[in-house]
Amino acid sequence: MDYETILYEKQNGVATITLNRPQALNAFTAPMNAEFSAALKDADEDPAIRCFLITGSGRAFCAGQDLKARTPDQRGSLGQSLRERYNPIILRLRRSEKIALAAVNGVAAGAGCNLALACDLRIASEEAKFIQAFVRVGLAPDSGGSFFLPRLVGLSKAMELFLLGEPVEAAEALRIGLVAKVVRASDLPVAARELAERLARGPLSIGLMKRAVNRALLGELEAQLDYEAYLQEIAGRSADYDEGVRAFLEKRQPVFKGV
Ligand code: T3D
């Protein structure tokens, strides 16, 4: 398959998916979700692959949903968008016994942040930033953020990050346990590749570790993803979301009214 919005390669047991719309900070469009899903399915079904490595081109990891495709005339149902485009990706990353590693090379915002959080491990560049950007555009967390973030950093910190939408810089992300390791930006590609290949060479039992952890979590995750989609449908119909998207496109602060 030829890909236009991602780069996809397989080597030494590692399937690397690189989000590749750097001009839009690798924001997700429907074709990018489809290509990402197709590559992930291919990697998941390939017995030679034991690790997924996910990263971004240019200065960003991923800025979440492409908001330029969210003007009122082309918006549609956000709940449906999550159920059809985002949730299947998160579920495949978790259901697979292959280990998912995010190499967070720059800003990870909104669904882009939560894609990284759905992975088993995160290695970050010093330039990485994690932003629960949803509040800035009048949305609620999705793509599993409301499931993963409180489990990773605790309820109090998670609520702070959701409610305020402020960036967590790489050093702070390391301190609060969001990432396993931070390296210099220029070292990230090699460090991520070494870690991914180490995981791909691991014993059978590392897949069993993931299976054990998932047994406790998966049922709840499925229900939570569905509930997030239900809530995002409500948020997506609000005047505040209209204002949030308009303000982003006009490069100004939004003025929300709570409706
Ligand atoms: O289907 C559904 O809609 C439901 C799913 C929702 C899931 C979500 O992810 S909703 C949340 C979407 N994401 C955001 O709200 C983040 C939006 N972006 C930002 O807040 C900022 O861009 C960043 C904090 C990520 C980075 O800031 P900065 O100052 O480093 O860069 P910038 O100047 O804002 O962006 C550079 C360019 O990328 C700019 O384009 P331009 O002006 O040069 O033509 C900007 O518009 C573009 N860009 C950044 N993020 C997005 C984007 N374009 C489209 N969509 C984006 N999300």
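Everything quoted here is computed from the prediction, not taken from an experiment. Each residue takes its place number in the sequence, starting with 1. Every number for a ligand or one of its atoms is a count from 1 in the order of the listing.
Protein heavy atoms come within 4.0 Å of atom 10 (S) of ligand 1.
Partners of Arg21 by salt bridge (charged side-chain N to carboxylate O under 4.0 Å, His left out), not counting sequence neighbours, listed by chain and number: Asp66.
The contact set between ligand 1 and Ser81, taken as ligand atoms under 4.0 Å from a residue heavy atom, comprises 1 (O), 2 (C). Near Ala133, the atoms of ligand 1 lying under 4.0 angstrom from a non-hydrogen atom of the residue are 14 (C), 15 (O), 16 (C). Those atoms of ligand 1 that come under 4.0 Å of a heavy atom in Leu78, given as number and element, are 2 (C), 3 (O), 4 (C). Atom numbering of ligand 1 starts at 1 in the shown order; those under 4.0 Å from a heavy atom of Leu139 are 10 (S). Every atom of ligand 1 with a heavy atom of Ile131 under 4.0 Å away is listed here by number and element: 24 (C). Close approach to Ala27 involves these atoms of ligand 1, each under 4.0 Å from a residue heavy atom: 55 (N), 56 (C), 57 (N).
Looking only at atom types and distance, the side chain of Asn20 has no donor-acceptor partner in the side chain of Thr5 under 3.5 Å away. For the residue pair Asp42 and Tyr8, a side-chain donor N or O sits within less than 3.5 Å of a side-chain acceptor on the partner.
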Identify all side-chain donor-acceptor contacts of residues 166-173 below 3.5 Å with residues at least two apart in sequence or on another chain.
unit_1 : atom_1 : unit_2 : atom_2 : d
Glu172 : OE1    : Arg175 : NE     : 2.9
Glu172 : OE2    : Arg175 : NH2    : 3.1

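Comparing Gly110, Gly236, Ala109, Ala63 against atom 13 (N) of ligand 1, the shortest heavy-atom distance belongs to Ala63. Counting only non-hydrogen atoms, the option in Val135, Asp66, Leu249 that gets closest to atom 54 (C) of ligand 1 is Asp66. In this structure, of Phe248, Phe28, Tyr241, Tyr86, the residue bringing a heavy atom nearest to atom 19 (C) of ligand 1 is Phe248.
Glu194 has no carboxylate O lying under 4.0 Å from a charged side-chain N of Arg198, or vice versa, which leaves the two without a salt bridge.
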